[in-house]
Amino acid sequence: MAEVDVNLDHVIPTTIIPTYWAKLLVAFVSFVCFAHSYDGDFVFDDSEAIVNNKDLRAETPLGDLWHHDFWGSKLSSNTSHKSYRPLTVLTFRINYYLSGGFHPVSFHMVNILLHCSISVLMVDVFSILFGGLQYTSKGRRLNLAPKSSLLAALFFAVHPVHTECVAGIVGRADLLGALFFLLSFLGYCHAFRENNKEGAQFSTFWVLLSILLSAVAMLCKEQGITVLGFNAVFDALVISKLNILEIVQKVRHKDKSLEAINYNYYYSLNAWLLLCPWWLCFDWSMGCIPLIKSVSDWRIIALAALWFCLIGLICQALCSEDSHKRRILTLGLGFLIIPFLPASNLFFRVGFVVAERVIYLPSVGYCMLLTYGFGILTKHTKKKKLIAATVIGILLINMVRCITRCSQWRNEDLLFRSALSVCPLNAKVHYNVGKNLADKGDQTAAIRYYREAVRLNPKYVHAMNNLGNILKERNELQEAEELLSLAVQIQPDFAAAWMNLGIVQNSMRRFGEAEQSYRTAIKYRRKYPDCYYNLGRLYADLNRPLDALNAWRNATFLKPEHTLAWNNMIILLDNTGNLAQAEAVGREALELIPNDHSIMFSLANVLGKSQKYKESEALFLKAIKANPNAASYHGNLAVLYHRWGNFDLAKKYYEVSLKLDPLAPATKENYNLLKRKLEQLQTNSV
């Protein structure tokens with residue numbers, strides 16, 4: 001049995017050491033920690049990566065997944081994030097297909113089960129890291145560290161920093177990457193067996209399988225490729241039994257600039273999240289972490305503490321006379337550092353500075369070092385019950401924190417508001433709170449948060465765009481124009497801001513400038529159906545019907561389900577007396593969007609004017625069935641019956657329409673005409 005296991009006798013009772021019990025316990029604990037997230041909504045990045053990602057839908061060929069990034073954009077596009085995770089997207093697509101649509105429960109359950117599976121695998125991984133590779137004469141691997149492997153796996157299973165990966169559905173990329181990382185490592189270990197008679201045995205099959213699994217890990221999350229580096233370290237230390245005292249790492253350093261200081265500070269924050277995962281945030285960008293601008297900044301102490309601990313551990317890993325200690329510390333540091341390298345900004349810049357999801361795998365190294373530390377403490381102290389109580393306390397506190405953090409990830413309102421106390425200087429947090437409030441219709445509160453986001457980050461063009469939109473809807477056009485003009489000045493290729501600026505200018509009756517803004521938006525985003533739709537509205541206001549029809553036709557070509565563009569075409573053709581063409585457009589629209597009640601209504605109006613009463617009646621009734629509270633639907637059906645001569649039904653539907661909208665002037669006028677007609681008929685009959 002490994003020495004670290006003997007030291008943990010007072011922490012873990014021997015009755016639960018059998019491997020199957022250990023794995024059941026780890027699985028149960030990990031499930032309890034994160035089960036509360038099972039019925040959460042799609043939140044934050046889930047909207048773009050899942051709900052709005054066309055790669056999940058059946059109409060997108062499977063082959064496109066290999067040419068698109070994680071968010072569904074072409075890798076060759078300038079707007080692509082270049083995050084290549086086709087296998088993760090494939091699992092989302094399977095989820096979508098099996099659940100029959102975007103039902104978040106099935107997506108969340110897969111994430112929870114993945115974390116449980118990874119936590120169970122950690123029992124085997126830690127048993128190898130702590131106890132090494134030793135086999136029986138029959139080739140079965142011995143578990144020489146059952147207690148330490150169980151404790152470390154429990155630390156991993158309940159760590160609150162994993163909440164983002166488990167409760168946030170896009171975190172599946174990290175979960176799958178970690179799963180295949182561990183399988184690749186275990187496969188590599190399986191390739192080397194010791195036999196008492198024949199010595200070390202090598203299996204080419206398992207090595208090739210390990211390499212294949214590392215490729216799968218990489219296609220789930222880029223970080224997965226680092227398993228090759230860790231396997232190499234493991235090979236050197238455990239299989240080849242190299243002496244690492246003579247290994248010297250050559251690292252190219254930049255000059256000691258403030259940028260380097262800031263990156264080191266970010267490393268210390270990641271370390272702090274592992275040590276004290278209490279202050280967690282869905283996003284750490286945009287001013288959440290103020291830059292260190294002077295060497296007198298007190299946060300330099302965090303850098304010193306980080307490097308003091310790391311250097312101390314590295315010295316022990318290199319110079320300790322205890323080979324077992326050297327091996328454990330080196331493997332623990334390897335698991336802590338190697339998977340973190342792609343996110344370290346050392347080799348290339350990445351799109352974040354601190355992110356909880358990227359320390360999912362590095363936390364394995366932390367849990368290993370923490371377990372080893374408790375083993376050392378129990379060896380050198382007489383207060384072994386206090387150590388045991390501390391371990392249990394950490395596990396219980398972390399479990400409680402996992403459950404409460406899962407509650408915050410259940411919907412966007414709770415998630416975004418939870419970040420306000422952690423990162424009050426983060427403009428993106430205020431932006432997301434504002435956006436969530438705007439979606440709920442609370443424009444006044446949304447304006448307050450958008451203004452704060454712009455104050456914190458004066459170049460935050462998306463906040464300016466959304467704030468400008470709300471002000472436009474509230475008819476505060478002057479300030480809306482100023483904000484949107486500033487947004488396109490800061491980011492000239494911001495197509496959405498150009499379109500919204502055009503809408504504001506159109507409302508201010510500055511038609512020439514509005515047309516130019518729309519054209520600029522289309523210049524930067526050629527496939528922009530909403531912009532073509534608004535351009536068509538501008539041409540309609542300018543009494544340029546042909547240009548309007550062309551613009552709306554472009555909108556429906558780019559987005560066949562663009563209901564507003566179809567309806568405007570039908571109405572414009574109807575109003576200009578082109579009933580046959582209006583009917584043709586309406587029928588074309590219904591073929592593409594057969595269940596859209598607004599198109600049924602528009603086409604029914606055209607058919608009624610063409611005296612195709614029976615077909616018009618059928619469409620009106622179908623539209624009313626789909627949307628029974630639309631007063632205009634009942635009112636126009638009444639007009640049809642009125643024109644058709646069916647006065648009783650006309651009276652009935654006029655009354656229903658007026659009940660829904662008592663102030664509708666046209667309906668009141670038509671109803672009064674009908675009543676006079678009925679009175680006249682009654683008089684004549686008498």
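- Counting heavy-atom neighbours within 6.0 Å of Phe102 CZ, excluding the residue itself, gives a total above 12.
- The backbone N or O of Tyr671 lies less than 3.5 Å from no partner atom in the side chain of His642, so there is not a single donor-acceptor pair.
- In this structure, the side chains of Leu572 and Leu549 come closer than 4.5 Å at one or more pairs of heavy atoms.
- Side-chain polar atoms of His562 and Asp530 form a donor-acceptor pair below 3.5 angstrom.
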- Task: List the steps, then state whether salt bridge (Lys or Arg N to Asp or Glu O under 4.0 Å) holds for Glu591 with Arg587.
- Result: CA-CA 6 Å; Glu591 285 183 10; Arg587 293 188 187 281; over 6 Å; no
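- With hydrogens and angles disregarded, a donor-acceptor distance shorter than 3.5 Å links the side chain of Ser616 to the backbone of Ala604.
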- Task: Assess whether side-chain contact (heavy atoms from CB on, under 4.5 Å) is satisfied between Ile169 and Phe42, documenting all intermediate values.
- Result: CA-CA 7 Å; Ile169 298 172; Phe42 291 112; 3.5 Å; yes
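- Side-chain atoms of Trp498 do not come within 3.5 Å of backbone N or O of Ser485 as any donor-acceptor pair.
- When the shell of 6.0 Å around CZ of Arg93 is examined, it contains more than 12 heavy atoms from other residues, nucleotides or ligands.
- Heavy-atom contacts from other residues, nucleotides or ligands closer than 6.0 Å to NZ of Lys435 number 12 or fewer.
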- Please test Val639 against Thr667 for side-chain contact (heavy atoms from CB on, under 4.5 Å), starting from the C-alpha separation and ending with a verdict. CA-CA 9 Å; Val639 171; Thr667 307; over 6 Å; no
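- Not one N or O on the side chain of Glu479 forms a donor-acceptor pair closer than 3.5 Å with the backbone of Gly468.
- Using a 3.5 Å distance cut-off with no hydrogens or angles, the side chains of Asn465 and Asn500 do pair a donor with an acceptor.
- Figure legend: Arg525 and Tyr528 shown as a cation-pi pair, the cationic atom lying under 6.0 angstrom from the six-membered ring centre and within 45 degrees of its axis.
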- Audit row: Phe416, His430, ring pair (Phe, Tyr, Trp, His ring centres under 6.0 Å) steps and yes/no: CA-CA 8 Å; Phe416 296 154; His430 291 273; over 10 Å; no
- Message: Set out, in order, the CA-CA distance, both residues' side-chain angles and the distance that settles side chain to side chain donor-acceptor pair (under 3.5 Å) for His103 and Asn95, then state yes or no.
- Response: CA-CA 9 Å; His103 305 295; Asn95 245 149; over 6 Å; no
- Evaluate the criterion side-chain contact (heavy atoms from CB on, under 4.5 Å) for residue pair Tyr654 and Asn670; output intermediate values, then yes/no. CA-CA 8 Å; Tyr654 277 138; Asn670 289 331; 3.2 Å; yes
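- Between the side chain of Asp174 and the main chain of Tyr360, no donor-acceptor pair closer than 3.5 Å is present.
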- Apply side-chain contact (heavy atoms from CB on, under 4.5 Å) to Arg172 and Thr91, showing your working. CA-CA 9 Å; Arg172 187 177 301 178; Thr91 68; 3.3 Å; yes
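- Taking every heavy atom of both residues into account, Pro86 and Leu65 meet most closely at CB-O, 3.6 Å.
- Side-chain atoms of Ser37 and Arg405 form no donor-acceptor pair, as typed in the model, at a separation below 3.5 Å.
- Judged purely by distance below 3.5 Å, without hydrogens or angles, the side chains of Asn605 and Asn636 pair a donor atom with an acceptor atom.
- Salt-bridge formation is detected for the pair Arg410/Asp39: a Lys NZ or Arg NE/NH1/NH2 atom is positioned less than 4.0 Å from an Asp or Glu carboxylate oxygen.
- Looking only at side-chain heavy atoms (C-beta outward), Val585 and Arg553 come within less than 4.5 Å of each other.
- Between the CZ atom of Arg451 and the CG atom of Leu483 there is a distance of 7.0 Å, given to the nearest 0.5 Å.
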- Task: Determine, stepwise, if the pair Asp69 / Ser83 fulfils side chain to side chain donor-acceptor pair (under 3.5 Å).
- Result: CA-CA 5 Å; Asp69 65 14; Ser83 46; 5.1 Å; no
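- Donor-acceptor pairing under 3.5 Å is lacking for the side chains of Asn52 and Ser47.
- Donor-acceptor pairing under 3.5 Å is recorded for the side chains of Asn466 and Tyr450.
- For the residue pair Thr60 / Asp55, no side-chain donor-acceptor distance below 3.5 Å is found, with atom types taken as modelled.
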- Message: Between Phe70 and Tyr84, is the ring pair (Phe, Tyr, Trp, His ring centres under 6.0 Å) condition met? List the steps.
- Response: CA-CA 6 Å; Phe70 186 55; Tyr84 189 59; over 10 Å; no
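- Ring geometry for His634 against Tyr653 counts as parallel: the plane angle stays under 30°, on a 0 to 90° scale with 60° as the upper cut.
- Of the N and O atoms on the side chains of Glu452 and Tyr431, not one donor lies less than 3.5 Å from an acceptor on the other residue.
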- Message: Checking Glu481 against Arg510 for the salt bridge (Lys or Arg N to Asp or Glu O under 4.0 Å) test, could you report, in this order, the C-alpha distance in whole Å, the side-chain angles of both residues, the deciding distance, and whether it holds?
- Response: CA-CA 12 Å; Glu481 184 187 23; Arg510 288 166 26 204; 2.2 Å; yes
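- With respect to the salt-bridge test (charged N to carboxylate O, under 4.0 angstrom), the residues Glu515 and Arg537 do not qualify.
- Classified by interplanar angle (parallel below 30°, tilted 30° to 60°, perpendicular above 60°), the ring pair Tyr633/Phe601 is parallel.
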